[in-house]
Amino acid sequence: MSAMSTQTSYTVKLTDGPLEGKTISARLSDHGSPTPTVDVPSGTAGKVYRYARTTGEEYDDSGAPSAVDYRFLEAVFTTDSGQG
């Protein structure tokens, strides 16, 4: 029993950590499900905040996820390949 949905994104609700209370939009996977983690830019070059999906979910009328809770997992530091 699968509902047809044209929904391609959902709301990520950041429930704790440095971005607690904020929401962002994320794309659903090719299978129509929320991603296990999301990386959110921190505002500092080379640093993102990684959040992990929890069990809190809301659904739209078609049964597709419309909002999902995520908890802070870690800060990830990357190196840019640009010149500096």
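Every heavy atom of this structure was used, including side-chain atoms; hydrogens, water molecules and symmetry mates were not.
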Membership question, hydrophobic clusters at under 4.5 Å side-chain separation (ILVMFWY): are Leu73 and Leu19 in the same one?
no

Is there a path of hydrophobic side-chain contacts, each under 4.5 Å between heavy atoms, that joins Val40 and Val48? no

So the salt bridge (charged side-chain N to carboxylate O under 4.0 Å, His left out) pairs with at least one residue in residues 13-24 (sequence neighbours excluded) are Lys13-Glu58, Lys13-Asp69, Asp16-Arg71

Here the side chain to side chain donor-acceptor pair (under 3.5 Å) pairs for residues 29-43, sequence neighbours left out, are Tyr10-Thr35, Ser29-Ser33, Asp39-Arg50

Just so I know, are the side chains of Pro65 and Leu28 near enough to count as touching, which here means a heavy-atom distance under 4.5 Å? yes

Starting from the C-alpha separation in whole Å, work towards a yes-or-no answer on side chain to side chain contact (heavy atoms under 4.5 Å, CB included) for Val38 and Tyr70. CA-CA 8 Å; Val38 293; Tyr70 282 75; 4.0 Å; yes

### Query
How far apart are the C-alpha atoms of Arg27 and Thr8, what are their side-chain angles, what is the distance that settles it, and do they pass the side chain to side chain contact (heavy atoms under 4.5 Å, CB included) test?
CA-CA 6 Å; Arg27 295 195 56 79; Thr8 59; 3.8 Å; yes

Sorted by chain and number, sequence neighbours left out, ring pair (Phe, Tyr, Trp, His ring centres under 6.0 Å) with Tyr51 holds for Phe72

| Given the rule in the side chain to side chain contact (heavy atoms under 4.5 Å, CB included) test, do Thr11 and Thr23 qualify, once you have shown the distances and angles that lead to the verdict? | CA-CA 6 Å; Thr11 299; Thr23 61; 3.8 Å; yes

